[in-house]
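Take a look at the structure set out below.
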Protein chains: 2
Amino acid sequence: MSPSTVSRILNGTAQVKATKAAQVRAAIDRLGYKPNAFARGLVTGASGSVGVLTQDIASPFYGDALSGIESGLMGSGYSPMIISGHWRTDDEEHAVELLLSRRVEALIVLGGQLPEDELRGLAGGLPIAVLGRRVEFDSPTSTSLALDNRRAAYDLVTYLLDRGHRRIGHVAGPPDHVDARDRLAGYRQALEDRGLPFLPDLVAQGDFHEPSGLIGTQQLVARHPDMTAIFSANDQMAYGARLALYRMGLRVPEDMSLVGFDDLPGSAYTTPPLTSVRQPMAEMGHWLARFVVAQLTGQTVEPFQPQLKLHLRESVAPRRFP
Amino acid sequence: MSPSTVSRILNGTAQVKATKAAQVRAAIDRLGYKPNAFARGLVTGASGSVGVLTQDIASPFYGDALSGIESGLMGSGYSPMIISGHWRTDDEEHAVELLLSRRVEALIVLGGQLPEDELRGLAGGLPIAVLGRRVEFDSPTSTSLALDNRRAAYDLVTYLLDRGHRRIGHVAGPPDHVDARDRLAGYRQALEDRGLPFLPDLVAQGDFHEPSGLIGTQQLVARHPDMTAIFSANDQMAYGARLALYRMGLRVPEDMSLVGFDDLPGSAYTTPPLTSVRQPMAEMGHWLARFVVAQLTGQTVEPFQPQLKLHLRESVAPRRFP
DNA sequence: CTGTTAGCGCATTCAT
DNA sequence: ATGAATGCGCTAACAG
């Protein structure tokens, strides 16, 4: 019984007599043999894994995308190798380095700050799928899925305007974050398209986390007592805003309308449920996973256009005219 | 310039003349050389990775633990390899198989259903650290960190009793989940220790997700209009309960006190902020990671006794005596 | 300080 | 249908 025969049995590479196969399987069970993925990878050059660069392993935002990736990879024979970049370029670079040295066969990048050129360079070596940013690749083996943050913010603010609101505050995200800038731009444009001025001090600076939403809201209310609605650049800050209003005795939506962005799982269960815009993170992750698998196996996938969806819930009321 | 010299430079295994080192690094940059972790692992027998078996990659509950593991591993030279078991025994077994074939050097198991005997068997081969279940290992290279769910539930309910509440409902978790059973047992014991009867129909059956908390609460209120407090077996169901109360026009905490369990990140920002009990998931994950690294490197770590901490927030008020 | 040699465990020729 | 031989890329032991 030679090693090659065993190899053939394990991989089904060639026909082997059934008796021998059974014999070998018995021995495997008995000895608790586990094939060494390193040795196999070394000779085949295939790792069977797809690198996933996320930003925060505990983030509810990217968590959905990770679930989607998991399900998209399921049954493909590939498994994800997940590393966090913590929104820090050097962490991200280390992560990519690690993934490459582990010989991942494709890369899925969730957000982050890696320069486009670097991504394009990587795409020369393996299929890349980017979520949350638009990146143009030369080769069709790589792709990106971006959302129109600006448009979604525009729609959200327009919705408030349609309900009669005129003094609309904005709790913005970090200015070095492209999503945050786009959402701010959408807010601004929606106002201007209705002939309303953009007032810088109706914008409070946040950092996408709850406490900054709380503080920002306190500032906005203090500066503009006539404000009737707040657009928070993400749901987490909207939660902070909600609490600030509660503390100040302002009712939502009677005294203040509130809208968020991202439609986190919890947003349907706040009091009142929060109007927000849903990015189909899980679906996008799923598709990206199927995309890279398709590249790896020489198949094709149907294109996918993610749709942002407004979830109109009870946190918004028409403006009252006293 | 021999391969071994390059190897020595990359690993700092031996002294190498600085000029040569610089020369090599330049070449590495120029050629975009990436060491092959497979080949390295094959010869050293070390993968540099620690397997992590979680249940749901998007779960806020385990997410914190994962963050802790990440930070505990940071700088150790080990990186996590994360696979989800989805609370399904066969998924978990596949995950372990995969991790083993990828030659992880240690295993961190978050919850799950793997039989204890199997875990003990695995512990013969590599260090294992289990979170959320008490597992007795023969060897000191493996350990487990469990929380006293029963005690925490007992404390929480006792807190409500101390505030004068007598009719306390419970939205329970899935009965096949040991945490859920322990929390129910703590609830029951707290009542009985005060001489109060345990009423089965003051318990609604939930599944640890928001909708079941909403429905369960509706049932409880319908059955027991005189109920003044609700203990939800986790925070997610408490969010559902909160919304149910809002819909019914019951105020929290004036008309109904509400407590959860887990102290999710969002619970400090609900309206009103939710009283809950905090399991130090991140700290536990951090310690478990440091524990396995210590086993791997022959060091020792100080023992760690996780402390459950009650977070008393505004969702509880003393019972009003009309 | 550095080059040479051997071998990690496996899949894959090439023989038989 | 199966065994023997080769090499994947790297590190460790051994010389020098």
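Below, chains carry the letters A, B, ... as their sequence lines are ordered, and counting in each starts from 1. Just so it is clear, the model here is predicted, and its values are computed rather than measured. For the numbers below, each heavy atom of this structure counts, side chains included, while hydrogens, waters and symmetry mates do not.
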- Query: Of all residues at least two apart in sequence or in a different chain, which pass the ring pair (Phe, Tyr, Trp, His ring centres under 6.0 Å) check with Y62(A)?
  - Reply: none
- Query: Salt bridge between R134(B) and D148(B), side-chain N to carboxylate O under 4.0 Å?
  - Reply: no
Give me, pair by pair, the N or O atoms of the protein and of nucleotides 11-15 of chain D that are less than 3.5 Å apart, along with how far apart they are.
from, atom 1, to, atom 2, distance (Å)
dT11(D), OP1, N11(B), ND2, 3.0
dT11(D), OP1, R40(B), NE, 2.8
dT11(D), OP1, R40(B), NH2, 3.2
dT11(D), OP2, S7(B), OG, 2.8
dT11(D), O5', S7(B), OG, 3.4

- Who pairs with T54(A) by side chain to side chain donor-acceptor pair (under 3.5 Å), at least two apart in sequence or on another chain? none
- Message: How many whole angstroms separate atom CG of N36(A) from atom P of dC10(D)?
- Response: 16 Å
Could you list the donor-acceptor pairs under 3.5 angstrom formed by side chains in residues 107-117 of chain A, with sequence neighbours left out?
from, atom 1, to, atom 2, distance (Å)
E116(A), OE1, R120(A), NH1, 3.2
D117(A), OD1, R120(A), NH2, 3.0

- Atom CG of L42(A) to atom P of dG7(C): distance rounded to whole Å? 17 Å
- Note on the structure: Residue pairs passing the salt bridge (Lys or Arg N to Asp or Glu O under 4.0 Å) test with at least one member in residues 284-297 of chain B, sequence neighbours excluded, are R290(B)-E302(B)
- Item | Between P of dG9(D) and CZ of R102(A), the distance in whole Å | 18 Å
- Note on the structure: Per-helix bend value, the helix from dC1(C)-dG16(D) to dT16(C)-dA1(D), C1' rotation axes over five pairs per end, 10° rounding, shows 40°
- Query: For D56(B), which residues count as a side chain to side chain donor-acceptor pair (under 3.5 Å) partner, sequence neighbours excluded?
  - Reply: none
- Query: Which residues satisfy the salt bridge (charged side-chain N to carboxylate O under 4.0 Å, His left out) test with E283(B), sequence neighbours excluded?
  - Reply: R278(B)
- Applying side chain to side chain contact (heavy atoms under 4.5 Å, CB included) to S71(B) and not counting sequence neighbours gives H286(B)
- Just how far, in rounded Å, is C1' of dG9(C) from CZ of F38(B)? 13 Å
